[in-house]
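Lettering of chains follows the sequences in order, A, B, ..., and the numbering in each one begins at 1. Computed over heavy atoms, backbone and side chain alike; hydrogens, waters and symmetry mates excluded. Since we're looking at a predicted model, the values are computed, not measured.
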Amino acid sequence: MQEPAQTSAPPPLTEAQRTAVEHEGSPLLVLAGPGSGKTRVITHRIARLVRGGQFPSSVLALTFTNKAAGEMRRRLETLLVEQGDAAQRIVAGTFHSFGARVLRRFAEEAGVPADFTVLDADDQERACKQAIEESGEGGGRFTPRAVLTEIGGFKDQLLMPDTVAAQAIDWRARTMARLYAAYEKVLRRNSSLDFDDLLVRTALLLRDHAEARERLQRRFRNILVDEYQDTNHAQFCMVLELAREHRRLCVVGDPDQSIYGWRGADIRNILQFETHFPDAVVVPLGENFRSTRPIVEAASAVIQHNRQRRVKVLTSMRGDGKSPRYERCVDEHSEASRVVQEVQAAADHGVPWRGMAVLYRMNSMSRVLEEALRRAQIPHQVVRGTAFYDRREVRDAVAYLRLAANPQDELALSRVANVPARGLGGTSLDRLELHAATQGVPLLEVLRTPDAAGVSGRAATGARKLAELVLAWRREAEAGPAETLPDLVSRVLRESGLEAHYLQEDRSEADEGESRTENLAQVVTAAGDFISERMATESLDEDGTPPLRTALDALRGYLERIALVSDSDAFDPESGAVTLMTLHAAKGLEFPLVCVVGLEQGSLPHARAMDTPGDLEEERRLCFVGMTRAEDTLLMTSAASRTIRGQPMATVESMFVRELPAGVERSDRSGYDGDMDDGDGIDEPPRARTGLRAGMRVRHPLFGVGTVEGVAPRGSSTAVRVNFASAGRKTLILEFARLQVLG
DNA sequence: CCGTCCGAGTTTTTT
DNA sequence: ACTCGGACGG
């Protein structure tokens with residue numbers, strides 16, 4: 001086991017890296033392959049700017065996750081140690097957090113409420129549900145999910161409801177336009193913005209409001225964008241508007257690692273950078289310092305199957321190493337054991353747990369792996385940043401806090417009005433909210449005087465009590481200084497009755513894992529962490545973020561932070577544990593040992609992305625991203641049978657496996673090949689690797705139960721012949737047949 | 001108004 | 001497998 005690169009003195013910048021760091025005078029595009037030192041280029045470039053006399057506060061570094069921003073700041077602190085607090089003054093953050101910050105500062109100009117709250121995914125859905133009902137489309141014709149996807153698409157394109165309505169050509173489009181308008185109305189009523197708004201409103205502000213634009217252009221004279229391949233149109237507009245005057249812009253990215261097309265990322269932003277900025281200079285970085293040659297070769301072989309691609313050669317600078325392995329396992333349990341065996345062996349050779357990662361396509365695949373690791377007593381962490389804030393008790397706590405920050409927040413109110421039970425049920429709540437909406441009375445006021453809305457008895461008492469509480473919290477929030485945030489949070493949790501409520505639940509529930517009250521306590525702790533972190537940096541920021549003076553300011557900041565945490569933010573490189581995460585969350589990270597599991601059709605590539613060529617290429621890039629996370633050891637696995645939603649399904653090996661070069665060692669432990677055919681017509685080598693063989697009992701959703709008679713490749717897929725008890729003999733395409741294996 | 005039971009639909013990836 | 005919403009009885 002060799003020493004990790006970080007401990008030795010950093011190697012000098014390569015020729016190409018230096019060109020990228022030192023280029024001046026026109027926009028710069030750095031096309032950086034995996035492991036080519038892209039973060040290093042950005043940080044060195046910033047350091048050089050600052051040493052060359054640029055104000056640190058004029059540097060804006062936009063990243064994809066908060067984690068990446070933090071990491072960048074950390075590295076800059078080392079590089080700029082002689083420049084005092086320069087690193088602290090640099091503005092580094094996600095597009096979303098930067099948007100939130102700008103909108104707070106220019107709320108009036110942007111036409112957003114100054115005290116807006118940011119909706120999390122859950123509330124977004126509630127808001128959408130409400131919009132659907134209010135616009136009379138409640139018949140279940142559209143799911144909130146589908147509507148939100150569509151609205152998100154509009155927003156990515158900076159289309160406002162009236163524009164969408166004007167362009168609507170058919171009934172469906174007109175309905176969507178109506179739903180979009182209704183949704184916006186709900187948001188306005190709640191003084192809320194959703195994730196997309198943070199980008200859209202900022203982009204529009206910059207585009208339409210000359211004064212704000214010029215101020216921000218003057219402030220942020222040096223702009224750097226990381227992961228540029230994953231920006232959408234709104235983000236592109238933000239960058240364009242900010243940089244168009246001074247043109248001191250540097251974007252870094254890799255088209256081969258563009259994996260967010262599904263949420264509007266427009267790969268053309270990077271592919272056509274020179275069209276947008278004709279004098280742009282392009283610096284390719286193709287030398288990989290991360291992975292051994294066999295790993296780079298395997299990953300390159302796969303990505304070369306993409307047709308829509310700007311060809312780029314990736315060369316390993318690390319030289320020879322272990323061949324990557326691919327193994328086909330019986331099912332997800334044997335796959336998990338194989339992973340355990342692999343990490344165990346690596347540990348025996350001195351690889352620390354934190355140097356190992358297991359990557360999968362879907363979060364649902366983590367469970368079996370977790371269990372296997374737990375049984376083997378191997379320390380592991382599952383990276384799912386939102387998991388903590390997904391818990392019921394935590395969401396309730398956050399809802400109460402949001403109510404304290406913004407009493408207009410009906411979404412929060414409807415969540416906790418009756419938790420714990422205070423006699424204020426759905427019927428009364430609807431009545432109160434309706435009254436508030438029709439009479440134009442603030443919600444808090446209606447809660448205080450429920451009789452005016454025709455609510456009396458138990459429900460009225462509950463409403464009055466709640467209004468009292470919210471009012472008292474708010475008064476304290478306004479009066480107290482920012483440092484008292486944890487006290488405020490703790491008070492809210494106590495007085496709301498949540499603490500007692502969940503204490504009771506903890507007692508009654510026959511102990512399963514961590515307690516809900518402990519999680520509530522965590523919310524207080526997190527508030528403390530937030531405030532001390534902010535206090536440390538904010539005094540350095542002369543304009544931009546309004547300073548946190550009162551506990552109310554602090555509360556808003558905290559809530560915003562909570563709304564903007566991402567999955568990958570939960571990754572703790574120091575944890576001393578094996579890391580489990582999705583392929584998406586793994587972007588930008590590296591590990592001596594990586595296992596990519598679930599290389600099956602339907603999984604990687606995902607079933608929803610298999611039919612569209614463009615989507616399929618994105619899945620291939622995802623595979624590429626996963627493989628290139630590995631420094632020394634890469635294990636890829638698939639399971640011949642995988643249990644999906646409680647049903648074991650026969651799987652077909654991923655098409656990407658076929659694209660792996662000869663240098664990859666393959667083995668099949670699924671035990672199924674060898675006796676797959678019954679010597680009857682449809683069999684010939686190479687044999688299909690499936691979990692099925694003649695004689696097995698299967699169930700088909702339409703044809704019922706039957707016996708497999710033969711399995712064979714057919715074209716690019718696999719044919720299975722099954723004799724069904726009721727439907728007779730059928731030949732099915734395994735990829736589509738959804739066959740369930742019976743025990 | 002509150003709790004519980006049952007059936008339906010559902011998951012890809014995330015700021 | 002798991003969550004959510006509707007129905008129903010207390």
Side-chain angles (χ1 to χ4, degrees), chain A residues 62-69 93-100 118-122 124-126 129 138 140 143-146 148-149 152 155-156 193-200 202 227 230-232 234-235 258-265 359-368 383-387 389-390 392 417-430 455 457-462 560-570 581-587 598 602-610 615 618-619 621-623 625-626 643-648:
Chain A
L62 294 169
T63 58
F64 202 66
T65 61
N66 299 303
K67 204 84 195 173
T94 64
F95 274 94
H96 290 84
S97 60
F98 174 69
V118 180
L119 292 189
D120 61 31
D122 182 58
Q124 219 177 325
E125 207 165 307
R126 293 166 101 88
K129 238 176 252 174
T143 66
R145 199 52 180 253
L148 279 174
T149 307
K155 290 192 176 184
D156 285 344
L193 300 182
D194 66 17
F195 287 125
D196 295 324
D197 285 334
L198 297 177
L199 308 178
V200 174
T202 309
E227 309 283 11
D230 285 321
T231 51
N232 66 20
Q235 290 166 320
S258 162
I259 54 177
Y260 285 96
W262 52 273
R263 77 171 199 210
L359 311 179
Y360 37 80
R361 180 65 176 83
M362 288 171 288
N363 279 310
S364 59
M365 297 166 86
S366 71
R367 211 152 150 163
V368 177
V383 175
R384 267 177 64 219
T386 51
Y389 294 102
D390 275 347
R392 188 162 46 108
N418 219 14
V419 185
R422 50 169 70 82
L424 185 54
T427 323
S428 307
L429 198 60
D430 282 350
V455 171
R458 255 188 316 175
T461 318
E560 190 168 295
R561 158 72 61 92
I562 289 174
L564 297 180
V565 288
S566 73
D567 275 11
S568 22
D569 290 334
M581 64 186 146
T582 64
L583 289 160
H584 282 89
K587 195 172 67 158
S603 204
L604 183 66
H606 191 270
R608 301 290 291 266
M610 273 164 41
D615 291 352
E618 183 156 310
E619 295 292 308
R621 291 195 289 268
L622 205 45
C623 186
V625 167
T643 302
I644 297 164
R645 289 207 282 269
Q647 309 207 314

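- Between the CG atom in L198(A) and the CG atom in L119(A) there is a gap of 9.5 Å [rounded to 0.5 Å].
- In terms of phosphate contacts, T143(A) brings no side-chain nitrogen or oxygen within less than 4.0 Å of OP1 or OP2 of dG9(B).
- Scanning for salt bridge (Lys or Arg N to Asp or Glu O under 4.0 Å) contacts around R422(A) gives an empty result, with sequence neighbours left out.
- The separation between M581(A) atom CE and dT14(B) atom C1' is 15 Å, rounded to whole Å.
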Can you give one letter per nucleotide of nucleotides 1-10 of chain C, going 5' to 3': B for a protein heavy atom under 4.0 Å from the base, S for sugar-phosphate only, - for none? BS--S-----

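- The aromatic rings of F64(A) and Y260(A) are tilted relative to each other, their planes meeting at an angle between 30° and 60°.
- One interatomic measurement links the two molecules: NZ of K155(A) to C1' of dT15(B), which rounds to 13 Å at whole-angstrom precision.
- Rounded to an integer number of Å, the gap from F98(A) CZ to dT15(B) C1' is 16 Å.
- Not a single ring pair (Phe, Tyr, Trp, His ring centres under 6.0 Å) links F95(A) to another residue, sequence neighbours left out.
- One atom, CG of L198(A), and another, P of dT15(B), lie 13 Å apart when rounded to the nearest Å.
- By the side chain to side chain donor-acceptor pair (under 3.5 Å) test, T231(A) pairs with N269(A), sequence neighbours left out.
- Partners of E619(A) under the side chain to side chain donor-acceptor pair (under 3.5 Å) rule, at least two apart in sequence or in another chain, are R361(A).
- Residue order along DNA chain B, read from the 5' end via each residue's closest nucleotide, puts A459(A) first among H96(A) and A459(A).
- Note that CD of E125(A) is 13.0 Å distant from CG of D194(A), once rounded to the nearest 0.5 Å.
- Listed candidates were dT13(B), dT15(B), dT14(B). Nearest to the side chain of A585(A) is dT14(B).
- Taking the nucleotide of DNA chain B with the nearest heavy atom to each of S428(A) and A563(A), the more 5' of the two is matched to S428(A).
- Atom P of nucleotide dT13(B) and atom CE of M610(A) are separated by 17 Å, given to the nearest angstrom.
- Comparing the P positions of dT13(B) and dC4(C) gives an interatomic distance of 16 Å, to the nearest angstrom.
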Are there any protein N/O atoms within less than 3.5 Å of an N/O atom in nucleotides 2-4 of chain B, and if so, which ones and at what distance?
residue, atom, partner, partner atom, Å
dC2(B), OP1, N418(A), ND2, 3.2
dC2(B), OP1, G423(A), N, 3.2
dC2(B), OP2, N418(A), ND2, 2.7

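- One finds no side-chain N or O of N232(A) lying less than 4.0 angstrom from the OP1 or OP2 phosphate oxygen of dT15(B).
- Atoms CH2 (W262(A)) and C1' (dT13(B)) sit 5 Å apart, rounded to a whole Å.
- Backbone-only engagement by Y260(A) is indicated by non-hydrogen atom pairs under 4.0 Å involving sugar-phosphate atoms exclusively.
- The interatomic distance linking I259(A) (CD1) with dT13(B) (P) rounds to 13 Å, in whole Å.
- In this structure, CG of N66(A) is placed 8 Å from P of dT15(B), rounded to the nearest angstrom.
- Using a 4.0 Å cut-off, some side-chain N or O of R145(A) falls inside it from OP1 or OP2 of dT11(B).
- Legend: residues meeting salt bridge (Lys or Arg N to Asp or Glu O under 4.0 Å) with D230(A), ordered by chain and number and at least two apart, are K587(A).
- Take E560(A) and apply the salt bridge (Lys or Arg N to Asp or Glu O under 4.0 Å) test, not counting sequence neighbours, and it matches R104(A).
- Under the side-chain contact (heavy atoms from CB on, under 4.5 Å) criterion, R126(A) pairs with D122(A), D123(A), L411(A), S414(A), R415(A), sequence neighbours left out.
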